[in-house]
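So the structure is just underneath, and the comments pick up after that.
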Amino acid sequence: MPAELGGGAATAEPGSFEQVLGPERGAAYRRFVEWSVGAGFMLAVVEIRRPAQREALAAATRAAVPSLCIARLATLDARSVRTLIEEVYPSPAEASVLMLTHLEESRDAARICAELNVHRDELARRFALPWVLVVHPAAALALQRYAPDFCDFAGLWLPEEPGEEAEPLLEQAVRSPPTTSGSTVRLSPDVTTTPSVLLSLAHEAAVLGHLDQAADLLAQYDMKHPDARAHDVRRMHMDGLLLRIRGHLAEALARLQAALDLGEPSGDRPMIAALLEEIAHIRMVQGDLIAASHLVRRALDLFEQVGDQRNRAASMYQLSTIELLLGKQAEALQLARESLKLSEGLGDQVGRSRSLHNLSLVERRMGNHAKARELLRESLMISDALGDWNGRFASLLQLATLASHEGDYAEARERLREALKLSEEMENALYRAVVLHELGTVAWLEGDHAEARESWRESLKLSEELGAKEVQAGSLVMLGQLAAGQGRLEHGLALVRAGVDILEELGASNLAEAKDILRRLESLSATDAPR
């Protein structure tokens with residue numbers, strides 16, 4: 001069923017709405033929910049800037065009412081508002097509250113508002129239950145402009161609280177936006193901020209892992225340019241970037257490839273290079289290292305042609321990671337050092353942090369754990385100072401790996417729990433899958449096979465959904481070893497074979513190790529076979 005329904009108590013858990021909306025707005029919303037259910041059509045408009053806050057309000061409402069229907073206006077396309085609501089609205093007996101969301105992400109917000117205005121009486125009669133319209137403040141302005149009569153229906157309107165506008169992540173951006181190379185800008189917009197700079201600010205927020213703020217900035221941009229997501233390459237690039245960071249790899253790849261197909265005829269070399277880099281990142285996560293290497297080299301060549309040293313350094317540390325995964329330690333070390341030198345010369349702290357992280361990976365592979373830890377801690381300090389959540393996650397994960405290799409499982413668990421919490425705060429399913437795999441490995445090394453199995457299974461489920469093939473293969477191989485060690489040899493063999501098949505398809509650097517595990521299990525199977 002397409003409707004998003006949820007059973008719950010008649011009233012919300014004390015404090016839940018207040019935690020989402022603040023004391024005054026939360027209390028007002030609570031009264032609306034408690035008094036309006038069963039009373040026919042009533043309308044509340046709630047202005048919410050952050051996507052995570054919007055989802056939290058939906059969850060709290062779902063827990064507070066017998067059943068909640070959610071209609072996402074961004075999915076409307078050419079259909080009418082009535083058609084969309086009918087799809088998610090089963091019957092008056094099965095729905096108690098209708099919530100409409102994502103107006104700000106629609107490609108045609110003005111048309112939707114106009115339709116709500118023209119058909120307000122018909123919609124109120126047809127769907128005679130409480131409506132909650134959750135909108136970004138920028139979309140609320142469009143609603144007032146294009147649907148003034150519909151707005152008159154609102155018995156409750158909760159405007160954005162004073163001071164709730166996007167707070168600065170940093171006093172200055174740590175990387176120059178593409179349109180103003182060499183300059184710095186605030187990451188929070190004001191009334192003078194141009195639409196072009198909104199995209200640059202959104203990019204900076206996404207690079208640091210602050211996806212809520214990036215989505216907020218993009219919502220403001222989209223209200224000014226409602227058609228941009230269909231034909232503007234920079235806007236399409238941002239969609240792909242956010243999807244990639246959230247771990248939706250297949251969707252991200254499709255969006256980025258569409259942007260590349262649209263952008264290549266223009267000859268915009270910096271934009272083409274940026275798209276190639278993002279596609280390469282996805283290929284790397286999927287385990288297709290040869291394709292990733294080819295794409296990054298193309299991007300690096302384009303950045304060199306236009307003299308973009310900052311992004312050239314970024315391409316170098318991405319290529320360094322790929323070369324290391326391919327087992328080319330010398331090449332990886334040289335690239336990481338060149339990237340660090342270039343970032344330091346430019347004063348690019350994000351680039352410096354990432355290059356230090358890459359150097360630590362090379363040092364760990366070479367067995368220099370003390371040096372690797374020193375580099376990681378320096379990288380972590382920079383990430384924390386910048387508010388760079390992506391950088392912090394990467395450093396925590398590698399510090400955990402170092403601790404695990406040295407037998408300090410308590411330290412490894414502590415670092416992984418920090419990383420897991422951060423992945424949840426970022427709502428990054430891919431990060432979560434990676435951490436769960438590592439937590440399973442630590443549990444296995446400690447002899448807790450039940451915990452190891454549970455962690456690997458959850459990691460496997462997530463990685464399969466996301467298309468993160470190398471993570472998926474790793475969990476299959478580990479689950480196979482565990483099953484074989486517990487006497488289920490044939491089941492274990494099947495799991496390991498599936499993992500090896502994926503690694504072979506990818507040409508992964510750890511294929512030889514996985515094949516050794518498979519051969520060992522096959523020899524045990526042959527020994528146990530009846531003669």
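Every heavy atom of this structure was used, including side-chain atoms; hydrogens, water molecules and symmetry mates were not.
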Only counting residues at least two apart or in another chain, list the ones meeting side chain to side chain donor-acceptor pair (under 3.5 Å) with [X].
{"X": "His248", "result": "none"}
{"X": "Arg364", "result": "Gln398"}
{"X": "Asp301", "result": "Gln305"}
{"X": "Asp239", "result": "Arg229, Arg235, Arg255"}

Find the distance between OG (Ser339) and CG (Leu356) and round it off to the nearest 0.5 Å.
-> 9.5 Å

Could you work out, with salt bridge (charged side-chain N to carboxylate O under 4.0 Å, His left out) as the rule, every residue matching [X], not counting sequence neighbours?
{"X": "Arg283", "value": "none"}
{"X": "Glu331", "value": "none"}
{"X": "Asp384", "value": "Arg392"}
{"X": "Glu251", "value": "none"}

Would you say Ser315's side chain and Asn311's backbone share a donor-acceptor pair under 3.5 angstrom?
-> yes

Parallel, tilted or perpendicular: rings of His210 and Trp389 (30°, 60°) = tilted

Candidate pair Asp268 and Val233, rule side-chain contact (heavy atoms from CB on, under 4.5 Å), full reasoning = CA-CA 10 Å; Asp268 183 349; Val233 174; over 6 Å; no

List the steps, then state whether side-chain hydrogen bond (donor to acceptor under 3.5 Å, both in side chains) holds for Arg354 with Ser383.
-> CA-CA 9 Å; Arg354 305 284 164 89; Ser383 296; 5.8 Å; no

Under 4.0 Å between a Lys/Arg side-chain N and an Asp/Glu carboxylate O for Arg297 and Glu304?
-> no

Any salt bridge between Arg352 and Glu344, counting N to O under 4.0 Å?
-> yes

Can you list the residues that meet the side chain to side chain contact (heavy atoms under 4.5 Å, CB included) rule with Ala394, with sequence neighbours excluded?
-> His357

Looking at residues at least two apart in the chain, or sitting in another chain, which of them share a side chain to side chain contact (heavy atoms under 4.5 Å, CB included) with Arg457?
-> Arg453, Leu479

May I have all residue pairs that pass salt bridge (charged side-chain N to carboxylate O under 4.0 Å, His left out) and include part of residues 398-414, sequence neighbours excluded?
-> Arg373-Glu406, Glu411-Arg415, Arg413-Glu446, Arg413-Glu451

Can you list every pair that meets salt bridge (charged side-chain N to carboxylate O under 4.0 Å, His left out) and has a residue in residues 429-438, with sequence neighbours left out?
-> Glu424-Arg432, Arg432-Glu458

Side chains of Val350 and Leu208: closer than 4.5 Å at any heavy-atom pair?
-> yes

Tell me yes or no: between the side chains of Tyr29 and Thr61, is some donor less than 3.5 Å from an acceptor?
-> yes

Could you please spell out the steps behind the side-chain hydrogen bond (donor to acceptor under 3.5 Å, both in side chains) verdict for Gln334 and Arg337?
-> CA-CA 5 Å; Gln334 180 181 350; Arg337 285 174 174 168; over 6 Å; no

Salt bridge (charged side-chain N to carboxylate O under 4.0 Å, His left out) between Lys371 and Glu363, intermediate numbers included = CA-CA 7 Å; Lys371 181 62 175 176; Glu363 294 289 353; over 6 Å; no

